[in-house]
**Q** 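Okay, here's the structure, questions in a sec.
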2 protein chains.
Amino acid sequence: MSADGSCICPRITVDVVIFGLGDESLQVLLVTGRPGAYQGRWAIPGGFLGERESLKEAAARKLEEETGLTDLFLEQLYTFGEPPRDPSQRVITVAYYAVAPANAMRCVDSAQADRVRWWPCDALPGLALDHAEIVSYALTRLRYKLEYTAVGFELLPETFTLSELQAAYEIVLGEPLDKRNFRRKILSADVIEPTAEYRLGEGRPARLYRYRADAVAEVKARRLFP
Amino acid sequence: MSADGSCICPRITVDVVIFGLGDESLQVLLVTGRPGAYQGRWAIPGGFLGERESLKEAAARKLEEETGLTDLFLEQLYTFGEPPRDPSQRVITVAYYAVAPANAMRCVDSAQADRVRWWPCDALPGLALDHAEIVSYALTRLRYKLEYTAVGFELLPETFTLSELQAAYEIVLGEPLDKRNFRRKILSADVIEPTAEYRLGEGRPARLYRYRADAVAEVKARRLFP
DNA sequence: ACAAAAGTGTTGAGAGTACACCCATGC
DNA sequence: GCATGGGTGTACTCTCAACACTTTTGT
């Protein structure tokens with residue numbers, strides 16, 4: 001609102017839940033020190049909408065400010081805005097969520113880990129305001145989306161092995177998957193293609209695959225009704 | 001913004017796409033004469049968010065103001081807000097969509113059909129602002145939701161015949177369905193139960209069913225991945 | 001040669017789809 | 001008795017889920 005208090009229309013913030021894939025868990029990027037009523041708690045990145053910015057541009061800007069990353073998967077999630085006790089401070093939050101590929105997660109400066117860092121989804125600190133609800137909502141959406149679109153590939157670097165892909169799915173969905181069924185299904189969906197490269201490791205080298213840019217991941221979900 | 005122009009923060013409107021089922025098509029409720037930059041065109045119902053209202057309360061209020069109906073299915077759709085040329089007039093719209101049962105559609109006063117009336121989805125007039133986009137988005141969501149939840153029943157009165165239910169699905173999905181498969185599937189889903197009543201008509205009387213309030217419509221969609 | 005991870009097929013069960021005729025009522 | 005819409009069963013196909021061993025490399 002303006003300094004003289006002549007305007008009581010609500011202000012708009014755009015907040016972004018940023019997901020990344022850790023070794024053993026899905027992670028979320030949190031920051032401290034957001035101005036306003038955050039009381040020093042950890043919060044998801046966000047801020048006020050600029051005057052000439054679209055909602056998505058504002059979300060992309062916040063994402064870049066905290067991670068330096070651009071062109072990530074970014075989608076509007078939901079708009080939160082329960083009226084607070086004091087209507088003069090009312091804030092409406094348009095929440096977005098984004099997915100950072102594994103190798104990009106290192107872009108977050110570990111020198112300032114007391115201000116911005118990755119947290120595992122299943123062990124978050126107490127969050128400011130209604131941010132716990134927003135993260136929980138985003139997680140539900142991500143899991144859901146993983147099952148009927150190709151978002152899963154956004155979590156991985158450009159090339160990956162089938163075992164890495166399976167591990168990513170297992171971490172996000174929180175359940176183990178059968179190796180042979182997984183491979184058959186993912187290959188028959190025709191959305192990845194083998195490269196000529198192999199990843200060397202402790203055992204037999206694993207073929208590297210890449211997501212096919214031209215892949216149209218048709219959503220043929222089985223209908224519940226009718 | 002305030003009268004003296006000291007505040008340029010965007011204003012928030014809440015707009016509602018209200019669906020109902022006509023004899024041969026899905027319909028949407030539109031109004032004329034909304035104040036502001038609507039230029040006399042047809043628009044979806046909506047208005048500014050009250051100071052102490054939640055977003056959903058505002059949507060329910062708009063719904064009741066135009067139809068007199070309460071307790072309909074009502075869900076947040078998406079938030080629209082591209083910046084206009086003049087940022088001092090910026091408006092962010094939180095869009096909701098609602099589903100009115102067939103018998104409730106008559107609550108709309110046909111005496112003022114020049115101000116508020118139902119339009120078939122496939123033959124809408126030119127709409128104000130970005131409202132055509134909002135309706136189209138809502139329609140996609142409704143179709144989608146019809147396939148994996150029990151929203152379909154919101155379109156029908158409390159009791160209905162299986163033929164009426166099938167017709168509702170065919171109208172919304174825009175494709176014909178096989179009668180025997182439809183009946184088997186809907187009955188085995190265990191979400192409706194027969195009443196003792198029959199609907200008399202031109203041919204053999206048809207059994208009336210009702211939606212089971214205790215039905216848990218489990219969503220077991222087939223995963224695309226993995 | 002052994003440890004470690006990659007890679008590979010088959011079978012049984014359940015769900016989806018296509019398809020044609022008899023039934024109960026009003027006129 | 002006939003026109004009108006209501007109601008019913010079967011056979012084939014496809015997808016899913018469960019399950020264990022061989023292959024390739026580094027040490």
Side-chain angles (χ1 to χ4, degrees), chain A residues 23-24 102 146-148 152 156-157 159-171 173-210 217-226, chain B residues 23-24 102 146-148 152 156-157 159-171 173-210 217-226:
Chain A
D23 284 340
E24 290 173 347
L146 201 68
E147 296 187 357
Y148 68 94
L156 297 168
T159 63
F160 47 83
T161 69
L162 291 181
S163 295
E164 287 164 355
L165 183 61
Q166 182 177 346
Y169 272 92
E170 288 175 337
I171 285 174
L173 296 176
E175 58 182 303
L177 301 170
D178 178 84
K179 183 157 66 157
R180 282 170 290 187
N181 292 339
F182 179 84
R183 289 155 113 91
R184 180 177 35 251
K185 194 158 179 180
I186 212 80
L187 290 172
S188 70
D190 215 36
V191 289
I192 60 176
E193 59 190 6
T195 67
E197 316 265 294
Y198 289 83
R199 172 157 335 216
L200 305 178
E202 286 199 63
R204 172 173 170 177
R207 180 135 218 168
L208 286 167
Y209 289 78
R210 86 163 63 83
E218 284 180 57
V219 177
K220 279 201 209 145
R222 175 192 303 171
R223 287 180 191 163
L224 178 59
F225 308 111
Chain B
D23 284 340
E24 290 173 346
L146 201 68
E147 296 187 355
Y148 69 94
L156 295 168
T159 62
F160 46 83
T161 68
L162 291 181
S163 295
E164 287 164 356
L165 183 61
Q166 181 177 346
Y169 272 91
E170 288 175 337
I171 285 173
L173 297 176
E175 59 181 305
L177 301 170
D178 179 85
K179 183 157 66 159
R180 280 170 293 188
N181 293 339
F182 179 84
R183 284 163 186 254
R184 182 178 31 253
K185 194 158 180 182
I186 213 81
L187 289 172
S188 70
D190 215 35
V191 290
I192 60 177
E193 59 190 7
T195 67
E197 316 265 297
Y198 289 83
R199 164 128 40 233
L200 305 179
E202 287 199 60
R204 173 174 169 178
R207 182 136 217 167
L208 286 168
Y209 289 79
R210 86 162 63 82
E218 284 179 59
V219 179
K220 279 200 209 145
R222 174 192 305 173
R223 288 180 190 164
L224 177 58
F225 307 112

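Residue numbers begin at 1 in each chain, while the letters A, B, ... track the order of the sequences.
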**Q** In whole Å, I'd like the distance from the CZ atom of A:Phe182 to the P atom of C:dG9.
**A**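 Interatomic distance, CZ of A:Phe182 to P of C:dG9: 18 Å.
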**Q** Rounded to whole angstrom units, what separation is found between the CG atom of A:Leu162 and the C1' atom of C:dT8?
**A** 12 Å
**Q** Is there a side-chain polar atom (N or O) of B:Lys185 under 4.0 Å from OP1 or OP2 of C:dG16?
**A** yes
**Q** Starting at atom CG of B:Leu165, determine the distance to atom P of D:dG7, rounded to an integer number of angstrom.
**A** 12 Å
**Q** Given side chains that start at C-beta, do those of A:Glu170 and A:Glu175 come closer than 4.5 Å, heavy atoms only?
**A**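 Side chain of A:Glu170 against side chain of A:Glu175, heavy atoms only: no contact under 4.5 Å found.
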**Q** Nearest-nucleotide wise, let me know which of A:Glu202 and B:Leu208 is further upstream toward the 5' end of DNA chain D.
**A** B:Leu208
**Q** Mind calculating the distance between OH (B:Tyr198) and C1' (D:dG7) to the nearest angstrom?
**A** 11 Å
**Q** Using heavy-atom distances to pick each residue's nearest nucleotide on DNA chain C, tell me which of B:Arg204 and A:Ala206 is more 5'.
**A**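 It is A:Ala206, whose closest nucleotide lies nearer the 5' terminus.
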**Q** Nearest whole Å is fine: how far is C:dA4 P from A:Leu200 CG?
**A** 18 Å
**Q** Could you check whether A:Ser163 gets within reach of a base, just the sugar-phosphate, or nothing at all, counting any heavy atom under 4.0 Å?
**A**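 Contact class for A:Ser163: sugar-phosphate only.
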**Q** Toward the 5' end of DNA chain C, which comes first, A:Arg207 or A:Gly203, by nearest nucleotide?
**A**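 This one resolves to A:Gly203.
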**Q** How many whole angstroms separate atom CG of B:Leu177 from atom C1' of C:dG16?
**A** 13 Å
**Q** Verify side-chain contact (heavy atoms from CB on, under 4.5 Å) between B:Arg183 and B:Ser163, making sure each step is shown before the conclusion.
**A** CA-CA 9 Å; B:Arg183 284 163 186 254; B:Ser163 295; 3.4 Å; yes
**Q** When the ring centroid of A:Phe182 is compared with that of A:Tyr169, is the distance short of 6.0 Å?
**A** yes
**Q** Scan nucleotides 8-14 of chain D nucleotide by nucleotide, 5' to 3', and note B when protein non-hydrogen atoms come under 4.0 Å of the base, S if they reach only the sugar-phosphate, - if neither.
**A** BBB----
**Q** Between A:Tyr209 and A:Thr161, does a side-chain contact (heavy atoms from CB on, under 4.5 Å) hold up when you go through it step by step?
**A** CA-CA 6 Å; A:Tyr209 289 78; A:Thr161 69; 6.0 Å; no
**Q** Got B:Ile192 and B:Leu162 here, is their nearest side-chain heavy-atom distance under 4.5 Å?
**A** yes
**Q** Any carboxylate oxygen within less than 4.0 angstrom of a Lys/Arg side-chain nitrogen, looking at B:Arg207 and B:Glu197?
**A** no
**Q** If we only count heavy atoms from C-beta on, is the A:Glu193 to A:Arg210 side-chain gap below 4.5 Å?
**A**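 Sidechains of A:Arg210 and A:Glu193: in contact.
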